[in-house]
Structure formats: structure tokens, C-alpha cells
Amino acid sequence: MRKIIFVTGNPHKVREASDILSQTGITVEQNNCGYPELQEDNIEAIARFGARWAADKLNCEVMVDDSGLFIEVLGGFPGPYSAYVFDTLGNERILKLMEGETNRSAVFRCVIGYCRPGGDALLFSGEVTGDIAKDIRGSAGFGYDPIFKVEGVTFGEMREEEKNRLSHRYRALMKFARWLKEGQ
Ligand code: IMP
């Protein structure tokens, strides 16, 4: 089993990554050392910086995950500001912003950043297209899960295994696992 240090403060991300990567013979171990979250307008830059910073700080290979929800009719908001907006507005007020909107399309994106000490980060991204629900549905998962629907069902209503078969994180992690398996 290959073990990768996953630098994040989010236990839900660790659990999902462990479940997804365990099928490919990779285990993850959480490290909560934190890294400065750049206020950048793209999640790739945030993941790249975080992975480099953490690899150098811990002096070992690491992975980080930066994700964001991009709502089409809001011009991609909250996108790279998803964590801040979730903490300040939360799901109820996002739904208020969306009241009366017929275009409810949204994309969830995940970027996995991987880096070795002194090296440059490599990025693996995944996305899933869906819709913003009209109300909060389901209590599974975390963050925006109860308002993000794929084929009519919110992530909050899905069993963990279902979300982990089609999520943005699953898609990014599968690319990462494939690259690791190619002999890195
Ligand atoms: P970050 O990647 O930790 O910056 O996450 C951005 C925001 O999106 C946070 O509020 C997370 O809770 C939320 N988030 C990240 N991934 C997911 C997910 O898979 N489902 C729902 N919310 C998520």
C-alpha cells in the first residue's frame, strides 16, 4: 500500500479520499498542519500553492484538495470563494439568491495538488455537472452537498458510496491514482 499525506483540516474530505483511493491500493493519512489559503480567483492556484507550501513544511510528499461550487447564473459564484461563502452565507442564503431562477446549472470542481519537497506541484482536476436544488435536501455529506443535485438527487440524499462514484473528488482522485500507478 502506498501512503500519501493528505493536508487538510476537513475530515469529510479525508474520509471520501480514503474510501475512493483504498480501491486503488493507496492509503491516506490526514495532516492538519494547515496552509495559507491564497485568495486567488482560481482553485488551481490555491491547490498549487498549498501543495508546495505543505510539502516543504513537512518535508515529504503531500496532497491537498481545493474544491469549489460554480453556479452558472451567478457567473460562477462562489467558485474559488466557496469556503468563505459557505461560512458566511450558508446553504439557506444561497438558495435565497437563487429564488426565481430557472437556470439552476452548477458545476462542482475539485483540484488535487500533489507535491514533493522542493518540487513543483502537479494538479489533477475533476468536475461534475448538476443543478442547485430548490430546497435543502438530505443530511449526508458536508458543505454544499444538500443543495447540489446530480440527476435529481442531492449529494446530501446519496449514500456515501453513490457520491464517491460520481463526484468531482472521485474524478480528480482517479486521475491522481492513475498517475501514481504509472510508477511515480
Ligand atoms: P475547500 O476546498 O475546503 O476550500 O472547500 C470549499 C467549500 O466547498 C467549503 O465550504 C467546503 O465545505 C465545500 N465543499 C468542498 N467539497 C465539497 C463537497 O464534496 N461537497 C460539498 N461541499 C464541498
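When a ligand or atom number is given, it counts from 1 through the structure's own listing order. For this chain, numbers begin at 1 and follow the sequence in order. Source: prediction; values computed, not measured.
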*Look up atom CH2 in W179 and atom CD in E182, then write down how far apart they are to the nearest 0.5 Å.*
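CD of E182 is found 9.5 Å from CH2 of W179.
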*At what distance, to the nearest 0.5 angstrom, does CE of M63 lie from CG of L180?*
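Nearest 0.5 Å value for the CE-CG distance: 9.5 Å.
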Between ligand 1 and [X], can you find any atom pair, the residue atom being a heavy atom, that is separated by under 4.0 Å?
{"X": "F108", "result": "yes"}
{"X": "H12", "result": "no"}
{"X": "F155", "result": "no"}

Atom indices of ligand 1 within 4.0 angstrom of [X] heavy atoms, with elements:
{"X": "H168", "result": "16 (N), 17 (C), 18 (C), 19 (O)"}
{"X": "R169", "result": "15 (C), 16 (N), 17 (C), 18 (C), 19 (O)"}
{"X": "K163", "result": "18 (C), 19 (O), 20 (N)"}
{"X": "F86", "result": "10 (O)"}
{"X": "S82", "result": "6 (C), 7 (C), 8 (O), 10 (O)"}

_Sub-6.0 Å ring centroid separation between F124 and Y114_ =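 Centroid separation for F124 and Y114: 6.0 Å or greater.
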*Heavy-atom contacts under 4.0 Å between Y144 and ligand 1: side chain, backbone, both, or neither?*
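Near ligand 1, Y144 shows its backbone as well as its side chain.
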*Answer with side chain, backbone, both or neither: which part of K13 has a heavy atom less than 4.0 angstrom from an atom of ligand 1?*
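The part of K13 near ligand 1 is the side chain, not the backbone.
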*Side-chain contact, heavy-atom cut-off 4.5 Å: F142 with E16?*
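Yes, at least one pair of side-chain atoms sits under 4.5 Å.
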_Do D65 and F176 have side chains that approach each other closer than 4.5 Å (heavy atoms only, starting at C-beta)?_
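Sidechains of F176 and D65: no contact.
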List the closest protein heavy-atom neighbour of [atom]: residue, atom name, distance to the nearest 0.1 Å.
{"atom": "atom 9 (C) of ligand 1", "value": "A83 CA, 3.7 Å"}
{"atom": "atom 14 (N) of ligand 1", "value": "F142 CE1, 3.7 Å"}
{"atom": "atom 20 (N) of ligand 1", "value": "D145 OD1, 2.6 Å"}
{"atom": "atom 4 (O) of ligand 1", "value": "D66 OD1, 3.5 Å"}

_For E92, all residues meeting side chain to side chain donor-acceptor pair (under 3.5 Å), sequence neighbours excluded_ =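 For E92 there are no side chain to side chain donor-acceptor pair (under 3.5 Å) partners, ignoring immediate neighbours.
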*Check the side chains of R169 and S67 for a donor-acceptor pair under 3.5 angstrom, ignoring hydrogens and angles.*
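Yes, R169 and S67 have a side-chain donor paired with an acceptor closer than 3.5 Å.
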*Lys/Arg N to Asp/Glu carboxylate O, K96 vs E99, below 4.0 Å*: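 A salt bridge is present here (some side-chain N lies under 4.0 Å from a carboxylate O).
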_With a 6.0 Å cut-off (strictly less than), is the heavy-atom count around CD of E151, excluding the residue itself, greater than 12?_
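No.
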*Options A47, G50, S67, ranked by nearest heavy atom to atom 6 (C) of ligand 1, top entry*: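 Among A47, G50, S67, the closest heavy atom to atom 6 (C) of ligand 1 belongs to S67.
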*Not counting sequence neighbours, list each pair that qualifies as a side chain to side chain donor-acceptor pair (under 3.5 Å) and has a residue in residues 40-49.*
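Not a single pair qualifies under side chain to side chain donor-acceptor pair (under 3.5 Å).
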